[in-house]
Participant: 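So that we are looking at the same thing, I have put the structure below in structure tokens.
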Amino acid sequence: MVANKENKAIDLVKAIMALLILALHTPLLAENNYILIPLYRLAVPFFFTVSSYFLFKKLNKCCAKEQIKVVFNYVKRNLILYFFWFIISFLFVFKERYTYMFDGKSNFILILKKLLFSSTWMGSWYIMATVLCTIIIFLLSKVLKNNLIFIISFISFLFCCFTCSYAKAFDGVGYDLFQIFCETLECTPSLSLFSGFVFISLGKILAEDNKKIYNKSRDTVLFIVFFLFLTAEFFITRKMGWQRADDSLVMLVPTIYFFVKVILQTNINIGFSKFLRAFSVIVYCSQGIFFAIFNYAFKLIGWNKTLKVDICEFLLITVFCIILTSIIISLEKSKKMKFLRYIH
């Protein structure tokens, strides 16, 4: 979630993607939420890819010594973001999410696995996956070419697809591997660094691609085509009963590649792009806290989960995130409150 000062269209799309993640988790359409899954699944890979794109684009302009410093600062900022929201989440959802880690049956190894491979707060897997994947791909880039890095990372992603969207195909071999993976690393393959590698790799490739390969009309058509393939893949695997989870779909890779290319070639004038950047991060990081608060409030007043309640919850969280973002941006202008910029 590195700040972007070069393309305001990406700031807008980031905000939209954050709201799609919120809509997925609410769920916005209740039992019919699956209809929008192909759209929802663009969000996290988009974040991975554009974050990687801007990091490696910056690295391309640095010498070897400066590159290490840039990567170090990138990792540091992401870890500060991670642990800030960990502390806030810990205060709000301790009973729901953390007590089992400290019940006497668990231990340090379990906490470490959750920290590195899974989530210690809602959605936190993405930040840690970004950090680990970036470090690994940065190191691999010193000895391997982009094509080989992409192949390795794509194989990792295929494993995620095989154990999630295709888990119950091929006599359920993928399902068995899924169970072993979860028991060993305490995480879902598709919600771990293993699904992030390929999109960090794509971001690096896009950052180093020659501008001559960009063609907005062609890239837009290819994005639409691959998105249709992605939609078909989701509904086919769902219809066939193969899915253990729907996070990882093979067609996500080409779809995201061309989607990001299209956005990179889109120029729009937005006067509040800084707000959108902060808003996208705050929506993503605070959603678990707001879900806990509003679900508790709805329970107190006797509201059951219905389509109307889900839409109400989505709108309330969106409004509160807008207010929270405005307050943070206003406060961080003060010298004493500059640390607030690490929240987003």
Side-chain angles (χ1 to χ4, degrees), residues 1-14 17 42-82 125-157 160 192-216 219 222-223 252-267 273 277 280-281 284 344:
M1 294 181 180
V2 177
N4 160 32
K5 298 179 181 179
E6 300 183 39
N7 189 310
K8 293 182 179 180
I10 283 189
D11 296 327
L12 177 60
V13 177
K14 275 186 175 182
M17 291 294 125
L42 296 178
V44 172
F46 179 82
F47 283 133
F48 273 129
T49 307
V50 296
S51 294
S52 172
Y53 171 82
F54 286 106
L55 173 66
F56 284 101
K57 190 173 183 181
K58 186 174 182 177
L59 290 177
N60 291 339
K61 301 174 184 177
C62 302
C63 65
K65 189 175 181 180
E66 289 175 334
Q67 285 182 344
I68 295 173
K69 184 178 179 180
V70 169
V71 172
F72 175 81
N73 288 334
Y74 177 85
V75 169
K76 181 178 73 172
R77 181 150 187 173
N78 275 283
L79 290 178
I80 290 173
L81 177 72
Y82 183 102
W125 74 271
Y126 160 75
I127 300 176
M128 191 57 70
T130 298
V131 168
L132 295 175
C133 290
T134 298
I135 293 172
I136 292 170
I137 287 181
F138 173 71
L139 294 175
L140 286 176
S141 68
K142 301 301 179 183
V143 293
L144 300 176
K145 292 183 178 181
N146 281 344
N147 290 342
L148 188 54
I149 293 174
F150 174 77
I151 291 171
I152 294 170
S153 63
F154 186 63
I155 292 172
S156 174
F157 186 70
C160 296
S192 69
L193 63 92
F194 298 96
S195 67
F197 278 122
V198 70
F199 300 109
I200 299 294
S201 175
L202 279 184
K204 184 178 186 297
I205 290 170
L206 286 168
E208 297 173 4
D209 269 348
N210 190 306
K211 289 183 180 180
K212 292 181 180 179
I213 72 162
Y214 285 83
N215 183 306
K216 190 174 182 181
D219 293 338
L222 288 171
F223 161 64
L252 267 173
V253 177
T255 303
I256 288 296
Y257 176 74
F258 289 106
F259 181 42
V260 174
K261 284 183 75 176
V262 170
I263 302 303
L264 288 173
Q265 297 171 83
T266 303
N267 295 313
S273 58
R277 286 198 297 274
S280 64
V281 178
Y284 184 87
H344 58 84

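Quantities reported herein were computed from a predicted structural model and do not represent experimental measurements.
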Participant: Could you tell me if the side chain of L264 sits less than 4.5 Å from the side chain of Y53, heavy atoms only?
Facilitator: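 Yes, their side chains come closer than 4.5 Å.
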Participant: Hey, are the side chains of T130 and Y82 touching, using non-hydrogen atoms and a 4.5 Å cut-off?
Facilitator: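 The answer is no, as the side chains (C-beta and beyond) never meet within the 4.5 Å cut-off.
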Participant: Who passes side chain to side chain contact (heavy atoms under 4.5 Å, CB included) against Q265, sequence neighbours left out?
Facilitator: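 So Q265 forms a side chain to side chain contact (heavy atoms under 4.5 Å, CB included) with Y214, K216, D219, K261.
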Participant: Testing F194, F199, F48 one by one against F157 for a ring-ring contact (aromatic ring centres under 6.0 Å, His included), which residue passes?
Facilitator: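 Considering F194, F199, F48, a ring-ring contact (aromatic ring centres under 6.0 Å, His included) with F157 is found only for F199.
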Participant: Do L42 and M17 come within less than 4.5 Å of each other through their side chains, counting heavy atoms only?
Facilitator: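 Yes. Closest side-chain heavy atoms under 4.5 Å.
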Participant: After noting the C-alpha distance and the side-chain angles of V281 and L81, does the key distance pass the side chain to side chain contact (heavy atoms under 4.5 Å, CB included) rule?
Facilitator: CA-CA 9 Å; V281 178; L81 177 72; 3.9 Å; yes
Participant: Using the ring pair (Phe, Tyr, Trp, His ring centres under 6.0 Å) criterion, which residues pair with Y257? Sequence neighbours excluded.
Facilitator: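 With neighbours one apart ignored, the set is empty.
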Participant: Return the set of residues passing side chain to side chain contact (heavy atoms under 4.5 Å, CB included) with L222 (not counting sequence neighbours), or none when no residue passes.
Facilitator: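 If we apply the side chain to side chain contact (heavy atoms under 4.5 Å, CB included) test to L222, skipping adjacent residues, the hits are R218, F226, F258.
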Participant: Table please: side-chain donor-acceptor pairs of residues 143-154 below 3.5 Å, with sequence neighbours left out.
Facilitator:
| residue | atom | partner | partner atom | Å |
| --- | --- | --- | --- | --- |
| N146 | OD1 | K204 | NZ | 2.6 |
| N146 | ND2 | E208 | OE1 | 2.6 |
| S153 | OG | I149 | O | 3.1 |
| S153 | OG | F150 | O | 2.8 |

Participant: Using ring pair (Phe, Tyr, Trp, His ring centres under 6.0 Å) as the criterion, list what pairs up with F197, not counting sequence neighbours.
Facilitator: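 F197: no ring pair (Phe, Tyr, Trp, His ring centres under 6.0 Å) contacts found.
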Participant: Evaluate the side-chain proximity of T134 to L55: yes if any heavy-atom separation is below 4.5 Å, no if none is.
Facilitator: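 L55 vs T134: side chains touch.
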Participant: What distance separates I68 CD1 from C62 SG, expressed to the nearest 0.5 Å?
Facilitator: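 Atom-to-atom, I68:CD1 and C62:SG are 11.0 Å apart.
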Participant: Can you tell me if K65 has over 12 outside heavy atoms packed within less than 6.0 Å of its NZ?
Facilitator: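 Count not over threshold, so no.
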Participant: Give the minimum heavy-atom separation between I256 and P45, together with the two atoms involved.
Facilitator: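 Distance-wise, the nearest heavy atoms are CG1-CB, 3.6 Å.
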Participant: Taking all atoms of both residues into account, what is the closest heavy-atom pair of S201 and I137, and its distance?
Facilitator: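 Smallest heavy-atom distance, with atoms named: N-CD1, 3.6 Å.
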Participant: With heavy-atom distances below 4.5 Å as the criterion, would you say the side chains of K14 and I10 are in contact?
Facilitator: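 Counting from C-beta outward, K14 and I10 do come under 4.5 Å.
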Participant: Mind checking whether F46 and V13 have side chains closer than 4.5 Å, heavy atoms only?
Facilitator: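 Yes; the side chains approach each other to less than 4.5 Å.
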Participant: Applying side-chain hydrogen bond (donor to acceptor under 3.5 Å, both in side chains), can you list everything that pairs with K69, at least two apart in sequence or on another chain?
Facilitator: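 Expected list: none.
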Participant: List the atom of C160, the atom of S195, and the distance in Å for their closest heavy-atom pair.
Facilitator: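 Heavy-atom minimum between the residues: SG-N, 3.6 Å.
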Participant: What residues, two or more places apart in sequence or in another chain, satisfy side chain to side chain contact (heavy atoms under 4.5 Å, CB included) together with K58?
Facilitator: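 For K58 the side chain to side chain contact (heavy atoms under 4.5 Å, CB included) partners, ignoring immediate neighbours, are V70.
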Participant: Do the ring planes of F47 and Y284 sit parallel (below 30°), tilted (30 to 60°) or perpendicular (above 60°)?
Facilitator: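 Ring orientation of F47 relative to Y284: perpendicular.
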Participant: Check I200 against C133 and note the closest heavy-atom contact, atom names and distance.
Facilitator: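 So the minimum-distance heavy-atom pair works out to CG1-CB, 3.7 Å.
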Participant: Not counting sequence neighbours, list each pair that qualifies as a salt bridge (charged side-chain N to carboxylate O under 4.0 Å, His left out) and has a residue in residues 131-140.
Facilitator: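 Salt bridge (charged side-chain N to carboxylate O under 4.0 Å, His left out) check on residues 131-140 returns no pairs.
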Participant: Can you name the closest pair of heavy atoms from A129 and L193 and give their distance?
Facilitator: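 Residues A129 and L193, closest heavy atoms: CB-CA, 3.6 Å.
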Participant: With sequence neighbours left out, write down each residue that passes ring pair (Phe, Tyr, Trp, His ring centres under 6.0 Å) with F56, or none if nothing qualifies.
Facilitator: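 Residues passing ring pair (Phe, Tyr, Trp, His ring centres under 6.0 Å) with F56: none at all.
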Participant: Check side chain to side chain contact (heavy atoms under 4.5 Å, CB included) between V71 and all other residues, then give those that pass, not counting sequence neighbours.
Facilitator: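 Side chain to side chain contact (heavy atoms under 4.5 Å, CB included) list for V71, sorted by chain: L59, V75, F138.
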